[in-house]
Protein chains: 2
Amino acid sequence: MTRTLADPDLDAAAAFASDAASDGLAVSVVGACRVRFTGRAERRLPEGVRQLLWKPDDTLLVHGESGRDPDAWASGGAVAVEVERASGHASDDRLVVKSDGGAADALRVRFSAVHAATAFDPASADATVSGTESDLKERVLANPDLVEPGFRPLATERETPAGRVDVYGRDADGNVVAVELKNGRAGPSAASQLERYVTALRRDLHADATVRGILVAPGVTEKTRRLLAESGLTFSDVS
Amino acid sequence: MTRTLADPDLDAAAAFASDAASDGLAVSVVGACRVRFTGRAERRLPEGVRQLLWKPDDTLLVHGESGRDPDAWASGGAVAVEVERASGHASDDRLVVKSDGGAADALRVRFSAVHAATAFDPASADATVSGTESDLKERVLANPDLVEPGFRPLATERETPAGRVDVYGRDADGNVVAVELKNGRAGPSAASQLERYVTALRRDLHADATVRGILVAPGVTEKTRRLLAESGLTFSDVS
DNA sequence: TCGTAGATATCGCCT
DNA sequence: AGGCGATGTCTACGA
């Protein structure tokens with residue numbers, strides 16, 4: 001199923017890539033190229049050796065020396081391969097792989113040389129995941145005292161004009177409580193988010209209702225702790 | 001500089017990958033593998049053909065069938081390669097590439113078979129980028145009327161207890177103005193952010209100062225527009 | 001399709 | 001090293 005080509009000429013590489021793509025395979029191309037992206041932004045990469053990965057869903061990824069994120073990419077567009085013939089020497093020919101996204105986004109990768117190409121039938125993701133914010137929600141519902149002693153959850157994802165409250169309930173004194181969960185260390189945006197929910201609930205509910213906000217996370221930054229205090233909100237540590 | 005190996009046995013692949021890594025090269029390995037990540041979350045990928053990219057900065061990427069983001073990854077850890085010997089048949093041996101990040105993050109990729117391996121000397125990113133929020137700031141400073149007629153910018157990235165205001169200035173009437181820039185369509189978090197800044201400035205400045213907030217972006221969602229209105233904030237469209 | 005919010009977010013800047 | 005906010009964020013999930 002997997003096919004490999006070493007040091008092909010550009011015509012061979014182009015044929016190899018298009019054949020693989022029409023067979024529903026992923027193609028990895030390693031070679032010297034220039035890259036240009038235009039659309040939501042403009043980006044250019046100078047001549048250099050990179051790896052291009054062309055997935056069966058027509059995602060294009062250009063990876064260079066470092067980092068988790070690609071140096072350039074395109075997704076959602078139609079991908080085309082061609083060999084640009086130079087008028088002079090054949091050594092000026094270029095293998096061009098390009099994606100033309102619908103919304104003005106366009107990526108063009110121009111190879112002056114291809115060192116290796118591999119085609120393979122890739123596995124779908126189908127991953128098992130745990131340890132996310134949704135797991136934290138399960139934990140809180142199973143053990144509401146994590147929020148605070150006496151807390152009783154009444155709903156999850158409750159709608160407000162400002163967005164959905166992760167967990168909605170009442171405290172031991174019967175006050176309305178909005179709980180915002182964060183899976184990691186909480187920053188200022190979490191405090192703002194919670195404040196928006198609390199403000200929206202105060203407006204929506206009867207004027208005599210007391211609405212409290214509790215941020216539940218395994219840690220909080222100092223500035224965020226201060227912001228919470230200034231807004232009369234509570235932090236509950238679940239480390 | 002670029003080297004390729006087709007259908008190597010696991011020992012050859014292991015030697016190839018470690019040699020390439022010690023030469024400061026990037027290595028692409030295509031083969032059948034299982035993947036496990038533990039740390040901030042847990043994730044497992046079942047047996048399947050994927051591409052592993054091992055960059056010189058010890059970033060590991062595992063790419064499958066679709067999507068721009070890798071199905072699994074690790075960065076910042078030390079990467080090790082080894083062949084796990086099975087007690088029975090040699091066909092039960094596994095090529096293991098693993099990254100042990102400092103903070104409990106660990107990625108392990110176990111290949112049962114390697115179909116192709118390529119080593120190459122990758123180019124550094126060194127990209128030219130434009131069209132970002134910082135470009136929008138340039139535009140606003142060059143032409144303050146984009147914010148509103150008569151606006152005069154006085155500072156950028158002005159510090160407040162709630163964070164840095166993108167552009168700080170005064171309007172035609174001499175009122176203090178906090179400007180928040182968004183490069184894309186602005187959502188509720190942008191409104192919250194601006195409100196935090198305005199509140200902080202009102203607290204910091206003399207009580208008699210009027211502080212206004214203006215969100216400048218190429219569009220805004222409906223809910224956000226309502227949030228802005230409720231907080232007495234202004235939206236300025238720069239499409 | 002649009003809006004909203006999470007993510008093993010990553011990345012870059014500044015303290 | 002940690003906080004903070006942008007990102008061509010991407011991606012999943014609802015309305």
Side-chain angles (χ1 to χ4, degrees), chain A residues 37-43 59 61 66-76 101 103-107 125 127 129-137 157 159-160 162-166 180-190 192-193 196-197 219-225 227, chain B residues 36-43 59-62 66-77 99 101-107 125 127 129-137 157 159 162-166 180-190 193 196-197 219-225 227:
Chain A
F37 169 81
T38 55
R40 281 169 288 182
E42 288 232 358
R43 182 178 298 220
T59 300
L61 303 176
S66 67
R68 179 227 186 229
D69 289 345
D71 291 345
W73 70 94
S75 59
D105 281 358
L107 179 70
V129 195
S130 64
T132 66
E133 181 179 299
S134 131
D135 287 311
L136 178 56
K137 180 158 55 178
E157 306 300 334
E159 289 288 348
T160 77
R164 277 174 234 161
V165 177
D166 285 337
E180 172 64 23
L181 305 173
K182 286 296 162 195
N183 193 36
R185 192 140 211 243
S189 65
S192 293
Q193 199 179 346
R196 276 196 287 127
Y197 298 154
V220 67
T221 66
E222 198 45 48
K223 183 176 283 192
T224 306
R225 189 186 290 279
L227 287 169
Chain B
R36 190 182 64 152
F37 171 81
T38 54
R40 282 168 287 184
E42 288 232 358
R43 180 177 296 225
T59 300
L60 291 181
L61 304 175
V62 179
S66 67
R68 179 228 187 223
D69 287 345
D71 291 344
W73 69 96
S75 58
S99 165
D105 281 359
L107 177 71
V129 194
S130 65
T132 67
E133 180 178 300
S134 127
D135 286 310
L136 178 56
K137 180 156 56 176
E157 306 301 334
E159 289 287 350
R164 272 174 236 163
V165 177
D166 285 338
E180 173 63 24
L181 305 173
K182 288 294 165 197
N183 193 37
R185 191 139 213 244
S189 66
Q193 197 179 349
R196 276 198 285 127
Y197 297 155
V220 67
T221 67
E222 198 44 49
K223 184 176 285 192
T224 306
R225 189 185 290 278
L227 287 169

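Order of the sequence lines fixes the chain letters, A, B, ..., with proteins taken first and strands second; residue numbering starts at 1 for each chain. Side-chain atoms are counted along with the backbone in the values below, which use heavy atoms only and exclude waters and symmetry mates.
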A:T221 side-chain N/O to D:dG2 phosphate OP1/OP2 under 4.0 Å: no

d(CG, A:L181; P, C:dA5) in whole Å: 14 Å

Minimum-distance pair of heavy atoms, taken over all atoms of B:L181 and B:E133: O-OE1, 3.1 Å

N or O in side chain of B:Y197 less than 4.0 angstrom from D:dG5 OP1/OP2: yes

Sugar-phosphate only, base, or nothing, as touched by A:A162 at under 4.0 Å among non-hydrogen atoms: sugar-phosphate

Whole angstrom value for the distance that separates P of C:dC14 from CD of B:E157: 9 Å

Touch class at under 4.0 angstrom, heavy-atom based, for B:G39 against every strand present: nothing

Those residues that, when tested against B:A190, pass side-chain contact (heavy atoms from CB on, under 4.5 Å) (two or more places apart): B:K182, B:A186, B:L215

Rounded distance in Å - CG (B:D135) to P (D:dA6): 15 Å

Atom P, compared across C:dC11 and D:dT11: separation rounded to whole Å: 15 Å

Atom-pair distance (CZ on A:R185; P on C:dA7), nearest Å: 18 Å

Touch class at under 4.0 angstrom, heavy-atom based, for A:E180 against every strand present: sugar-phosphate

Any side-chain heavy-atom pair of B:D71 and B:R43 under 4.5 Å: no

side-chain contact (heavy atoms from CB on, under 4.5 Å) against B:T132, all qualifying residues, sequence neighbours excluded: B:V129, B:S134, B:D135

Nucleotides 7-15 of chain D: protein proximity per nucleotide (B base, S sugar-phosphate only, - neither; heavy atom, under 4.0 Å): SB-SS--S-

P spacing across the pair D:dC4 / D:dG8, given as an integer number of angstrom: 22 Å

side-chain hydrogen bond (donor to acceptor under 3.5 Å, both in side chains) partners for A:T221, two or more places apart: A:T224

Residues forming a side-chain contact (heavy atoms from CB on, under 4.5 Å) with A:Y197, sequence neighbours excluded: A:T160, A:A162, A:V165, A:E180, A:Q193

Whole-Å gap separating C1' (C:dC2) and NZ (B:K223): 12 Å

Separation of atom CZ in B:R36 from atom C1' in C:dT8, rounded to whole Å: 15 Å

Which residues share a side-chain contact (heavy atoms from CB on, under 4.5 Å) with B:R164, sequence neighbours left out: B:E157, B:E159

Sugar-phosphate only, base, or nothing, as touched by B:Q193 at under 4.0 Å among non-hydrogen atoms: sugar-phosphate

